[in-house]
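The structure appears below as structure tokens.
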Amino acid sequence: MDNKERIMESAKDLFYARGYDAVGVQEIADGAGITKPTLYYYFGSKLGLLKALLENGLSELRRMLQQALREEGGIQETLCRFAAAYCAFFEKDRKYYMMFMALLYSARENEAYLAARPYVLEFYDAAVRIFERASGQLGNMRGRQEQFAIGFTGTINNFLLMKYERGGTDSEKERISDEQIRSLVGQFMYGIFS
């Protein structure tokens, strides 16, 4: 692992454990076994490091969501692929996912939230596109694509947050099955009375 990777790994672990605002540049450098000037050489600032960490980590989720949207199929199949992409991303690195979720709940003028915001909006827009494409299949859409996207992404994120709380960081804990994903999508599509 080179210096840049060690710095990013140290930052991810510290931001996950204590939050962006509670971590100093010196702590990140110490955790990576490098000097502060080395960190500044690669990233310019703590914010630059966070932006690089987000871009590096979320590029894979972006790719998986784009793939989920490209494939053909009905709304239920598309939602299953979309949810499966989030679940695969979560299972690959639970700490990273939890760090990202924490950034979403930062104060709205906080630089950490502002760095994460474009990704939140990008992923939300992807969900909106699913419901826009399916408006012909769903008779009750009536311009509520954005509401459905909020509800669906919220359902996925809350499902994964609870999986984390029950399973912790151990990647060998219960895996998310295709059946669980189909059940989650079914619950969203048909409600509790189905």
Side-chain angles (χ1 to χ4, degrees), residues 1-66 68 82-127 149-150 152-176:
M1 185 181 300
D2 67 14
N3 282 344
K4 189 173 183 179
E5 291 169 333
R6 282 200 313 272
I7 294 166
M8 291 176 77
E9 191 66 27
S10 175
K12 179 190 78 171
D13 289 345
L14 288 165
F15 295 161
Y16 158 79
R18 299 203 351 256
Y20 175 82
D21 291 326
V23 174
V25 171
Q26 186 63 56
E27 292 174 274
I28 297 167
D30 291 346
I34 53 98
T35 63
K36 280 174 37 175
T38 302
L39 185 146
Y40 290 127
Y41 169 78
Y42 285 110
F43 301 103
S45 65
K46 184 172 111 173
L47 179 58
L49 170 56
L50 176 62
K51 287 179 177 180
L53 189 61
L54 288 170
E55 182 58 33
N56 185 57
L58 294 174
S59 64
E60 185 172 353
L61 179 58
R62 173 187 290 133
R63 182 192 58 72
M64 290 188 296
L65 293 176
Q66 289 170 349
F82 195 83
Y86 267 93
C87 291
F89 182 73
F90 167 79
E91 287 187 330
K92 180 180 179 212
D93 190 343
R94 292 175 186 220
K95 281 184 180 181
Y96 185 90
Y97 182 86
M98 294 303 291
M99 179 203 73
F100 181 60
M101 286 292 104
L103 295 174
L104 302 185
Y105 294 101
S106 298
R108 291 307 178 239
E109 293 181 19
N110 182 294
E111 67 183 19
Y113 170 75
L114 294 174
R117 186 175 187 270
Y119 299 98
V120 173
L121 295 176
E122 177 185 343
F123 301 151
Y124 164 72
D125 287 342
I150 290 168
F152 186 63
T153 56
T155 297
I156 295 168
N157 285 324
N158 280 310
F159 171 76
L160 294 174
L161 290 171
M162 294 315 317
K163 278 289 188 189
Y164 181 83
E165 288 304 316
R166 297 200 185 259
T169 61
D170 184 355
S171 62
E172 297 305 314
K173 296 284 183 173
E174 178 190 349
R175 307 297 293 177
I176 300 168

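Note that these values count all heavy atoms, side chains included, but never hydrogens, waters or copies made by symmetry. Only a predicted model underlies this, so the values are computations on that prediction, with no experimental measurement involved.
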Pairing of E55 and R62 as salt bridge, 4.0 angstrom limit: yes
Of all heavy-atom pairs between Y113 and A107, which one has the smallest distance, and what is that distance? CB-O, 3.4 Å
Heavy atoms of other groups near K51 NZ, more than 12 under 6.0 Å: no
Would you compute the distance between atom CG of L161 and atom CZ of F90 and round it to the nearest 0.5 angstrom? 8.0 Å
With side chains defined as the heavy atoms from C-beta onward, is the minimum distance between E122 and D125 less than 4.5 Å? no
Verify the ring-centre separation between F82 and Y86: is it less than 6.0 angstrom? yes
Considering the options L65, L160, L61, which one meets the side chain to side chain contact (heavy atoms under 4.5 Å, CB included) requirement together with F89? L61
Can you tell me how far CZ of F123 sits from CZ of F100, rounded to the nearest 0.5 angstrom? 5.5 Å
When every non-hydrogen atom of A115 is compared with those of L47, the smallest separation belongs to CB-CD1, 4.1 Å
To the closest 0.5 Å, what do you measure between CD (E60) and CZ (R63)? 5.5 Å
Just how far is it from atom CE of M64 to atom CG of L58, taken to the nearest 0.5 Å? 10.0 Å
Should F159 and I176 be marked as a side-chain contact (heavy atoms from CB on, under 4.5 Å) after you check the CA-CA gap, both sets of side-chain angles, and the distance that decides it? CA-CA 10 Å; F159 171 76; I176 300 168; 4.0 Å; yes
Criterion side-chain contact (heavy atoms from CB on, under 4.5 Å) on Y42 and M8, from CA distance to verdict: CA-CA 10 Å; Y42 285 110; M8 291 176 77; over 6 Å; no
Does Y20 offer a backbone N or O that forms a donor-acceptor pair with the side chain of K46 under 3.5 Å? yes
Hey, does the side chain of Y96 reach the backbone of L53 with a donor-acceptor pair shorter than 3.5 angstrom? yes
For the pair R94 (side chain) and K92 (backbone), establish whether a donor and an acceptor sit closer than 3.5 Å, ignoring hydrogens and angles. no
As an exercise, state the distance from CD1 of I156 to SG of C87, rounded to the nearest 0.5 Å. 7.0 Å
Please check: side-chain N/O of N56 versus main-chain N/O of A52, any donor-acceptor pairing under 3.5 Å? no
Which atom of A127 lies closest to which atom of T153, heavy atoms considered: CB-CG2, 3.7 Å
The test is salt bridge (charged side-chain N to carboxylate O under 4.0 Å, His left out); show your working for E9 and R6 and say whether it passes. CA-CA 5 Å; E9 191 66 27; R6 282 200 313 272; over 6 Å; no
Indicate the atoms forming the closest heavy-atom contact of A11 with L49, along with that distance. CB-CD2, 3.6 Å
Main chain of E91, side chain of K163: is a donor-acceptor contact present, judged purely on distance under 3.5 Å? no
Using a 3.5 Å cut-off and no angle test, enumerate the donor-acceptor pairs between side-chain atoms of residues 28-35 and protein atoms at least two apart in sequence or in another chain.
| residue | atom | partner | partner atom | Å |
| --- | --- | --- | --- | --- |
| D30 | OD1 | Q26 | NE2 | 2.7 |
| T35 | OG1 | T38 | N | 3.4 |
| T35 | OG1 | T38 | OG1 | 2.9 |

On a heavy-atom basis, which atom in E27 and which in A22 lie closest, and how many Å separate them? OE1-O, 3.7 Å
Around atom CZ of R117, are there more than 12 heavy atoms of other residues, nucleotides or ligands at under 6.0 Å? no
Using 0.5 Å steps for rounding, measure from the CG atom of L104 to the CE atom of M99. 10.0 Å
